[in-house]
Asker: 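Take a look at the following structure, please.
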There are 2 protein chains.
Amino acid sequence: MPRGDGTGPPGWRGRFRGCGHRFTIPRQAIIETLEKTSAHLSAEDIYLKVHTQYPNIGLTTVYRTLEVLAQMRLISKFDFGDGRARYELTKNSKKEHHHHLVCTNCNRIIDYTDFIDEEVELLNKTEKALSKKFNFEISNHLIQFYGLCEKCKKGESV
Amino acid sequence: MPRGDGTGPPGWRGRFRGCGHRFTIPRQAIIETLEKTSAHLSAEDIYLKVHTQYPNIGLTTVYRTLEVLAQMRLISKFDFGDGRARYELTKNSKKEHHHHLVCTNCNRIIDYTDFIDEEVELLNKTEKALSKKFNFEISNHLIQFYGLCEKCKKGESV
DNA sequence: CGCTTAATGATAATGGTTTTCATTATCAAG
DNA sequence: CTTGATAATGAAAACCATTATCATTAAGCG
């Protein structure tokens, strides 16, 4: 049980050290914020939340930490088309991997993992075929569906 | 002969008028530029190309025209992660619908339509299931694979 | 405890995209 | 063919998310 600090997060410090990074208060605070939510936070969202508890942590540090976390593959960075990047922990509450439904009207994001079974098959098949065909080494994918969410569908006829 | 029914093939002017827009020289030039290429041009790319023939067309107009075209669903706007949006005609040279391979090293974009047959079936299935499950009206999707292209795969070990 | 160096944060800079606003051009009507 | 309403244009400035700069602070090893 590597800890020795009171906060007992399962090995964040070790993971940072393993990548040659230091584990600091700001980084801890940012990770805790990400762990606490299921939303898709922007850098500023995170900054504001962190700021309530640690008013001296700057937006710059948020950006830098997010960059480090992304590079360590601990968070994923998304663009939903609203002009700012959004982030979420990759390993968070059983949501290991999921895709998004993006409402083009209200910008609501719906995560889903439910129907991935069929998709996974398709993806594996497709990725394999693409890799061979183009000699392209696929390491990641992005799948998003755009449309109108339940609410906006109703409001459309108004 | 530009017909008035709006269904005619080229009929750019008619399509614009049908949406309550005027068909101007700058718009024509921008569309021609998009028609002439199979690349994924940024606003500035388009501006520079258009600029050689019409030096007085400004970057602002390019942005505005792209917005109108996107709203008319005649072009698609993509974000490949290099900090600028990229555009392509939706109905261009048999490339009606395709997906992208994005090289995370050199930013090369590969279009593919080849294996979509299998994908289409599963996408339809998935979209139908998602629509029902979340009461979400899907109108579009984005599928991109990230990884290393042939060249960058080789260069990696250097 | 002290040292090396990564990390921080205030500030300024960057750069793609949008706004502003005065001017020009489109096109339906006369 | 003119005219007039108004959409479209373009130069410049504004915007705003993100990055770079740099002096200061603090993590973590010995």
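Letters A, B, ... are given to chains in the order of the sequence lines, protein chains preceding strands, and every chain is numbered from 1.
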Asker: Indicate yes or no: at least one non-hydrogen side-chain atom of A:Asp45 is less than 4.5 angstrom from one of A:Arg86.
Answerer: yes
Asker: Is there a side-chain contact between A:Tyr87 and A:Leu41 in this structure, where contact means two heavy atoms from C-beta onward sitting under 4.5 Å apart?
Answerer: no
Asker: Considering only C:dC27, C:dT17, D:dT9, which nucleotide approaches the side chain of B:Arg13 most closely?
Answerer: C:dC27
Asker: For A:Arg17 and D:dA27, is the shortest distance between a side-chain N/O and OP1 or OP2 below 4.0 Å?
Answerer: no
Asker: Quick one: label B:Arg64 by what it contacts on the DNA or RNA (base, sugar-phosphate, nothing), any heavy atom closer than 4.0 Å.
Answerer: base
Asker: Under 4.0 Å, counting only non-hydrogen atoms across every strand here, what does B:Arg27 touch: a base, just sugar-phosphate, or nothing?
Answerer: sugar-phosphate
Asker: Check every strand shown and say whether B:Gly20 touches a base, only sugar-phosphate, or nothing at a heavy-atom separation below 4.0 Å.
Answerer: nothing
Asker: Quick check for you: among C:dT17, D:dG28, C:dA7, whose closest atom lies nearest to any side-chain atom of A:Thr24?
Answerer: C:dA7
Asker: Side chain of A:Glu44 only, please: which of D:dA12, D:dG28, D:dA17 is the nearest?
Answerer: D:dA17
Asker: Please state whether the phosphate of C:dT17, meaning OP1 or OP2, lies under 4.0 angstrom from any side-chain nitrogen or oxygen of B:Tyr63.
Answerer: yes
Asker: If you only use heavy atoms from C-beta on, which nucleotide in C:dT26, D:dT18, D:dG10 is closest to the side chain of B:Thr61?
Answerer: D:dG10
Asker: If you go through the side-chain atoms of A:Arg22, does one of them form a donor-acceptor pair with the base of C:dA7 closer than 3.5 Å?
Answerer: no
